[in-house]
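Heavy-atom basis, side chains included; hydrogens, waters and symmetry copies ignored.
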Amino acid sequence: MNPWYRLRKETVIALGALVLVWQFASYFFPVYLFPPVPAIAEKFLDIFLNQESLANAGATAGRIFAGLSAAFLLGAVLAFVMGRSARSYRYVYPLLNFIQGVPALSWVVIAIIWFKGTETRILFIMTATTLPAFSFQILDAYRAMSKDLFEMTLSFRPSKRDLFRTLILPTIVPGMLTAWKVNLGNASRVVVVAELVGATGGIGYQLLMQQQLFDMAGALAWTLVLVAFVLVVQQIITRIEAWVLAYRPSTERSA
């Protein structure tokens, strides 16, 4: 049996069981704790039918992509600097480790003190929280490059451009795509925290509104929108990965 088919089947069963348990709980608990599944579904659909709600979802998606893009570009530069220079590695790596250890809430406080604009604050928070993971993942991929293959390639005396295009880039692309998939989930959690402070739009802002209204169905609906966004984008990245790395032999096994 196709493993992807089994994965989809098992996912549907697991999620279906969760929905049934939730609906069952709604019969015994107040609606503000466990709203019925139809009420959550109605709120979820209303988000996609309302132009203002779609604009809020789009604002969050834009902030996620902007923060990840900035972190990716800066992280790639730092990874190459560390990979090419042992001295740079000794200085930069500890700094990235320190940045990685700073909680997202601390970056929120720092951003509020440093910057006035909401979008600037969110961009800074998103970049600071996802930068180390991009750098470390790309650096690990670069260092995993075969030394024998590297020396063999150098024997053909390629230009720096050809060396990067034919050896370095194919080596680090899997690490880059993996970093995007991992950081996408992290960014979706961080952006909500960032939008809770000062933002006047976005999913985080909408969650704050639902909390003030004590509307659990609305809060869950907005949460599901964010989860759906992450899953769709991760699936797109997975398909890009399969297309870009189609030359590699498949190691999948039927479970």
Problem - Flag, side chain of Thr127 to backbone of Leu123, donor-acceptor distance under 3.5 Å - result: yes
Completion exercise
To the nearest 0.5 Å, atom CG of Asn56 lies from atom CE of Met209 at 10.5 Å
Problem - N/O donor-acceptor pair under 3.5 Å between Ser26 side chain and Pro36 backbone - result: no
Practice task
Find the distance between CE (Met126) and CZ (Arg63) and round it off to the nearest 0.5 Å.
Solution key: 10.0 Å
Practice task
Carefully, step by step, assess Glu195 and Gln206 under the rule side chain to side chain contact (heavy atoms under 4.5 Å, CB included).
Solution key: CA-CA 9 Å; Glu195 289 177 340; Gln206 289 299 323; over 6 Å; no
Practice task
Please tell me if the side chains of Trp107 and Val193 come closer than 4.5 Å, counting only heavy atoms from C-beta onward.
Solution key: no
Handout entry: Val19 vs Leu15 side-chain heavy atoms within contact, under 4.5 Å
Key = no
Exercise for the section: Please work out which of the three classes, parallel, tilted or perpendicular, describes the rings of Phe72 and Trp180, given edges at 30° and 60°. Expected result: tilted
Fill in the blank from the handout: Distance col, row Ser88:OG vs Phe80:CZ, nearest 0.5 angstrom, shows 14.0 Å
Problem - Ser69 side chain vs Ala66 backbone, donor-acceptor pair below 3.5 Å - result: no
Practice task
For Asp215 and Gly218, indicate whether the former's side chain and the latter's backbone hold a donor-acceptor pair under 3.5 Å.
Solution key: yes
Exercise for the section: For the residue pair Asp46 and Ser53, establish whether any side-chain heavy-atom pair is separated by less than 4.5 Å. Expected result: no
Exercise for the section: Scan side-chain atoms only and decide if Gln137 and Thr178 contain a donor-acceptor pair under the 3.5 Å cut-off. Expected result: no
Completion exercise
Smallest heavy-atom separation, Thr130 atom then Gly67 atom, equals OG1-O, 4.2 Å
Handout entry: Leu68 reachable from Val232 in the ILVMFWY side-chain graph, under 4.5 Å edges
Key = yes
Problem - Side-chain heavy-atom pair Pro35, Trp22 within 4.5 angstrom cut-off - result: yes
Handout entry: Under 3.5 Å: donor-acceptor pair, side chain of Ser106, backbone of Val102
Key = no
Exercise for the section: Please work out whether the ring planes of Phe24 and Tyr27 are parallel, tilted or perpendicular, with thresholds of 30° and 60°. Expected result: perpendicular
Problem - Stepwise side chain to side chain contact (heavy atoms under 4.5 Å, CB included) test for Val233 and Ile237 - result: CA-CA 6 Å; Val233 177; Ile237 295 174; 4.1 Å; yes
Practice task
Assess whether side chain to side chain contact (heavy atoms under 4.5 Å, CB included) is satisfied between Tyr91 and Arg87, documenting all intermediate values.
Solution key: CA-CA 7 Å; Tyr91 285 102; Arg87 185 174 183 180; 3.9 Å; yes
Problem - side chain to side chain contact (heavy atoms under 4.5 Å, CB included) evaluation trace for Phe136 with Gln100 - result: CA-CA 10 Å; Phe136 294 151; Gln100 190 174 43; 3.4 Å; yes
Completion exercise
Ala111 and Arg121 have their tightest heavy-atom pair at O-CG, 3.5 Å
Problem - pair Ser188-Leu184: side-chain heavy atoms closer than 4.5 Å - result: no
Practice task
Is it possible for you to say whether Ile110 and Ile113 belong to one hydrophobic cluster, with membership spreading through side-chain heavy-atom contacts below 4.5 Å?
Solution key: yes
Practice task
Look at the side-chain heavy atoms of Ile, Leu, Val, Met, Phe, Trp and Tyr, link any pair under 4.5 Å apart, and say whether Phe115 and Leu105 land in one connected group.
Solution key: yes
Completion exercise
Heavy-atom closest pair (Ala79 atom, Ser135 atom, distance to 0.1 Å) is CB-O, 3.6 Å
Problem - CD1-OG1 distance between Ile40 and Thr223, expressed to the nearest 0.5 angstrom - result: 10.0 Å
Practice task
Taking the side chain as every heavy atom from C-beta outward, state whether Met216 and Val31 have any pair of such atoms under 4.5 Å apart.
Solution key: no
Problem - Nearest-0.5 Å distance that lies between atom CD1 in Ile122 and atom OG1 in Thr60 - result: 8.0 Å
Exercise for the section: Drop me the distance from Leu131's CG to Leu78's CG, to the nearest 0.5 angstrom. Expected result: 6.0 Å
Handout entry: same_hphob_cluster(Leu95, Leu73) at 4.5 Å side-chain heavy-atom cutoff
Key = no
Handout entry: Sub-6.0 Å ring centroid separation between Trp222 and Phe44
Key = no
Practice task
Specify whether Phe65 and Phe229 have parallel, tilted or perpendicular ring planes, treating 30° as the upper limit for parallel and 60° as the lower limit for perpendicular.
Solution key: perpendicular
Exercise for the section: Inspect the surroundings of CD in Gln212 and state if more than 12 heavy atoms from other residues, nucleotides or ligands are less than 6.0 Å away. Expected result: yes
Practice task
Check Leu139 against Met82 and note the closest heavy-atom contact, atom names and distance.
Solution key: CD2-CE, 3.9 Å
Problem - Common cluster, Phe34/Tyr32, ILVMFWY with side-chain heavy-atom separation under 4.5 Å - result: yes
